[in-house]
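Below you'll find the structure, written out as structure tokens, and then a few comments.
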Amino acid sequence: MRIGELSRRSGVSSRALRYYEEQRLLRPVRRPSGYREFSEDDLDSVRRIRLLLAAGLGTAMIAEILPCMVEGNEGLAAGCPELLDALGGEHDRIAASIAELESARTLLARIIATPVPTPG
DNA sequence: GTTCTAACA
DNA sequence: TGTTAGAA
């Protein structure tokens with residue numbers, strides 16, 4: 001299928017799909033016309049890419065683990081055990097970010113809730 | 001009409 | 001990322 005159809009079926013903009021190819025997340029073949037030709041499997045790949053992006057992973061990481069992702073009974077699973085380490089690292093990195101943001105939120109909430117001292 | 005690349009708001 | 005110009 002061409003990029004327009006994949007865009008419609010996936011709900012992802014053609015601009016984003018071209019970007020995914022540039023990031024090596026998708027490898028469509030080229031027609032003689034120069035048009036990209038995507039496979040049916042690419043539709044699943046796009047869904048997985050969106051999921052992994054939503055999970056906070058970067059395109060570089062996604063490019064590495066995408067070929068290892070397998071459909072489990074409860075969703076996507078890491079088919080390659082050696083990648084669990086990298087995923088664990090991402091998890092910890094996100095957890096650290098959350099901790100920092102929570103500190104910032106608490107600080108702001110405290111400032112907002114502190115009354116201005118009245119003169120006198 | 002659809003897609004391509006490159007570049008800009 | 002969206003959008004657009006100009007070409008195929």
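To find a chain, count down the sequence lines: A is the first, B the second, and so on, and within it residues start at 1. Side chains included, hydrogens not; waters and symmetry mates left out as well; all remaining heavy atoms used.
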Can you list everything that forms a salt bridge (charged side-chain N to carboxylate O under 4.0 Å, His left out) with A:R30? Sequence neighbours excluded, please. A:E21

Between A:E22 and A:R18, is the closest basic N to carboxylate O distance under 4.0 Å? no

Just by distance, do the side chain of A:S7 and the backbone of A:V12 share a donor-acceptor pair under 3.5 Å? yes

Whole-Å gap separating C1' (B:dT2) and CD1 (A:I3): 11 Å

What N/O pairs connect the protein and nucleotides 2-8 of chain C at under 3.5 Å? Give each pair on its own line.
| unit_1 | atom_1 | unit_2 | atom_2 | d |
| --- | --- | --- | --- | --- |
| C:dG2 | OP2 | A:S13 | OG | 2.7 |
| C:dG2 | N7 | A:R15 | NE | 3.2 |
| C:dG2 | O6 | A:R15 | NH2 | 3.3 |
| C:dT3 | O4 | A:R15 | NE | 3.2 |

What is the distance, to the nearest angstrom, from the CD atom on A:E21 to the P atom on C:dT1? 15 Å

Whole angstroms only, please: what is the CZ-P distance between A:R36 and B:dT2? 17 Å

Are A:Y20 and A:R50 close enough that a side-chain donor and a side-chain acceptor fall under 3.5 Å? yes

Between A:R30 and B:dT5, does any side-chain N or O lie under 4.0 Å from OP1 or OP2? yes

Can you check whether A:E82's main-chain N or O pairs, donor with acceptor, with A:D85's side chain at less than 3.5 Å? no

Value for OG1 (A:T59) from CG (A:L66), rounded to nearest 0.5 Å, stands at 11.5 Å

Length of the line joining A:Y19:OH and B:dA6:P, which is rounded to integer Å: 16 Å

What does the 5'-to-3' dot-bracket notation of DNA chain B look like when only Watson-Crick and G-U wobble pairs under 3.5 Å count, and pairs to other strands show as |? .|||||||.

Separation of atom CE in A:M1 from atom P in B:dT2, rounded to whole Å: 17 Å

Between A:E37 (side chain) and A:M1 (backbone), is there a donor-acceptor pair under 3.5 Å? yes

Sidechain N-carboxylate O distance under 4.0 Å for A:E102, A:R105: no

A:E22 CD to B:dT3 C1': how many Å, rounded? 16 Å

